[in-house]
Structures are given as C-alpha cells and as structure tokens.
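Report on the structure given below.
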Amino acid sequence: MECGVRSVGMAGVPRALYLQPTLDAAKSLIGKVLLRQTDEGPISGLIVETEAYLTGDPANHASRGMTNRNRTMFGPPGHAYVYKVHMQCCINAVAQPEGVAEAVLIRALMPLQGVELMRRNRGVDDLRALCSGPGKLTRALGIDRSLDGCDLVEGPVLIVEPDEELGDLGLVQTTRIGIRVAADEPWRFYSKAHERWVSRKATRP
DNA sequence: ATGACGATGCACT
DNA sequence: GTGCATCGTCATG
C-alpha cells in the first residue's frame, strides 16, 4: 500500500502547530507530509528539511514591512506563502498569529505519492533529485504563485500527518542556505534519518 | 521608466 | 568550489 495520504478531503495538521514558537514549528514540520491535490491525483512527499524566518531577522522577506509580494506572511497562520525567486517558486508555512509575519520554508521532501507526476513536472528521472531543494519540490508538486495564500489545513495544498509512525528522526540543526545576511543563524533543520533526501548536508556537525 | 537584486538550480572547473 | 541564466518585485526618479 502506498504511503503518505489516507484520502482526498482529509484535514491538515491542526493550526496550533503554526502557533508554536516558529523554531519549534520548523522542527515540528519535519516528518509531516506536504500534499498537493491535483486533477490527476495526489502528489506528496515527507518534509525532511525546513528553515525558520523570524521577527527581526534581516533574511525574512517581511523584515522591511508589508509589500505586494509578502502580504500573505502578515496573514493568519497555517497558510502558504509562495514566492518566486529567479526562475523558481518556494513555499513557506506562515507561523504565529496574524500580523507577526514569521514563516517556515520547506526545503526538501522525500517523494511519497505521485512520483511519475513529479518526474513529468520536473523533467528529470532521478528520484533523489526530484524534491531536494525548495524550487525543485514546488515544481515537482506543481505549486506556483497562484497558490499563494492557500490554507494548508484545508487545501488544495495541505500539510498532513504521515500515515505511519516514523520512529526517531535524529533532528539536525544547522545554518540556513542561500542567504547573504544572518547567514550564521542555525535555523535550518533536517532529519538525519532522511539525510539522502535533503538539499545539502551540514558542513560542520 | 528603469536598475538592482535575489530564502535557486544547473553546468562547469 | 565558481559562474550565470533569467524575470518578478521593489525602490527610486
């Protein structure tokens, strides 16, 4: 039986997850499932890598106030902030009560459902390359800016519990990737048990 | 109207 | 490790 999703129409993880301190929310999202419902069926993957973006953090898109691009970050928790960078889109879960504007970037997935759709969407065959980066995984799941603001508790993009117990993940905490400011803050998290699926391993333990 | 700049990915050394 | 394609967004004039 295929792992990852029970049925279409299920609810996402409770909104309370996104009201924890954002670093805790980023840890809690490791081992959950990101699910996109499409006409051709579900596409999903286990969240294995995240990053937190906090208040007063110069790398946070919201750190210089609300703009047209980042307005979703200032909205209610548990919604998807989808933004474009270069040619890619990236997806975040908005954390904290409305107006606070913190978020968790989803950086890598272990593919679960809809792998052939992912291969078609990405135009690559290698399973390990399908979702091992924030721009790769959105492309694999068919997520673009039209889904900005979507409720991750209700869909059509959701974060749900995995349907099997995962055991010990061995959470790794390390520095964030691809930023020029606040680059030393250890606000990236990944599952050591799923290290082969992450975008990049920690350089120093 | 225009210029600077990416929370990237990929090709290449 | 380095270089760069490529374009939406934002700040500025």
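Side-chain atoms are counted along with the backbone in the values below, which use heavy atoms only and exclude waters and symmetry mates. First the proteins, then the strands, lettered A, B, ... as listed; each starts at 1.
Nucleic acid contact class of A:R64 (heavy atoms, under 4.0 Å, all strands): none. Looking at heavy-atom distances under 4.0 Å, A:N92 makes contact with a base. Contact annotation for A:E51: no contact, since no heavy-atom pair falls under 4.0 Å across all strands. Residue contacts for A:R176: at a heavy-atom cut-off of 4.0 Å it reaches no nucleic acid atom on any strand shown.
Between A:L130 and A:W197, every side-chain heavy-atom pair lies at or beyond the 4.5 Å cut-off. Using a 4.5 Å cut-off on side-chain heavy atoms (C-beta onward), A:Y53 and A:R176 make contact. Between A:I91 and A:L137, the closest side-chain pair of non-hydrogen atoms falls below 4.5 Å. Residues A:Y190 and A:T174 meet the side-chain proximity criterion, which asks for heavy atoms closer than 4.5 Å.
Side-chain nitrogen and oxygen atoms of A:H61 include at least one within less than 4.0 Å of the OP1 or OP2 phosphate oxygen of B:dA7. Side-chain N/O atoms of A:R139 include none lying less than 4.0 angstrom from OP1 or OP2 on B:dC10.
B:dC10 atom P lies 14 Å from atom CG of A:D125, rounded to whole Å. Atom pair A:Y83:OH and B:dT8:C1' shows a separation of 8 Å (rounding to whole Å applied). To the nearest angstrom, C1' of B:dG6 lies 14 Å from CG of A:N70. The separation between A:D57 atom CG and B:dA7 atom P is 11 Å, rounded to whole Å. Distance A:D126 CG to B:dC10 P: 11 Å, rounded to the nearest Å. Here the C1' atom of nucleotide B:dA7 and the CD atom of A:E49 are 11 Å apart, to the nearest Å. Distance A:M87 CE to B:dA11 P: 16 Å, rounded to the nearest Å.
Formation of a donor-acceptor pair under 3.5 Å by the A:S191 side chain with backbone atoms of A:V48 is not found in this model. A:T22 places no side-chain N or O within donor-acceptor distance of the main-chain N or O of A:A52, the cut-off being under 3.5 Å. The backbone N or O of A:T67 lies less than 3.5 Å from a partner atom in the side chain of A:N70, making a donor-acceptor pair.
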Bracket notation of DNA chain B in which parentheses pair within the strand, [ ] cross earlier pairs, and | pairs with another strand (Watson-Crick or G-U, under 3.5 Å): ||||||.|||||.
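For the pair A:R119 and A:D125, the tightest heavy-atom approach, listed with the atom from each and the gap, is NE-O, 2.6 Å.
If you find the closest nucleotide of DNA chain B to A:A129 and to A:I179, the one lying nearer the 5' end belongs to A:I179. Of the two residues near DNA chain C, A:H86 and A:N68, the one whose nearest nucleotide lies more 5' is A:H86.
Using a 4.0 Å cutoff to heavy atoms of chain A, the contacted part of DNA chain C runs 5' to 3' from C:dA5 to C:dC10.
Residue A:K136 has its side chain nearest to B:dG9 when only B:dA7, B:dG9, B:dT8 are considered.
Residue A:Y53 and nucleotide B:dA7 are classified as a stacked aromatic pair, their ring centres being separated by less than 5.5 Å at an interplanar angle below 30°.
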Assess whether side-chain hydrogen bond (donor to acceptor under 3.5 Å, both in side chains) is satisfied between A:Q88 and A:T138, documenting all intermediate values. CA-CA 8 Å; A:Q88 337 289 330; A:T138 53; over 6 Å; no
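Heavy-atom neighbours of A:D126 CG from other residues, nucleotides or ligands within 6.0 Å: above the threshold of 12.
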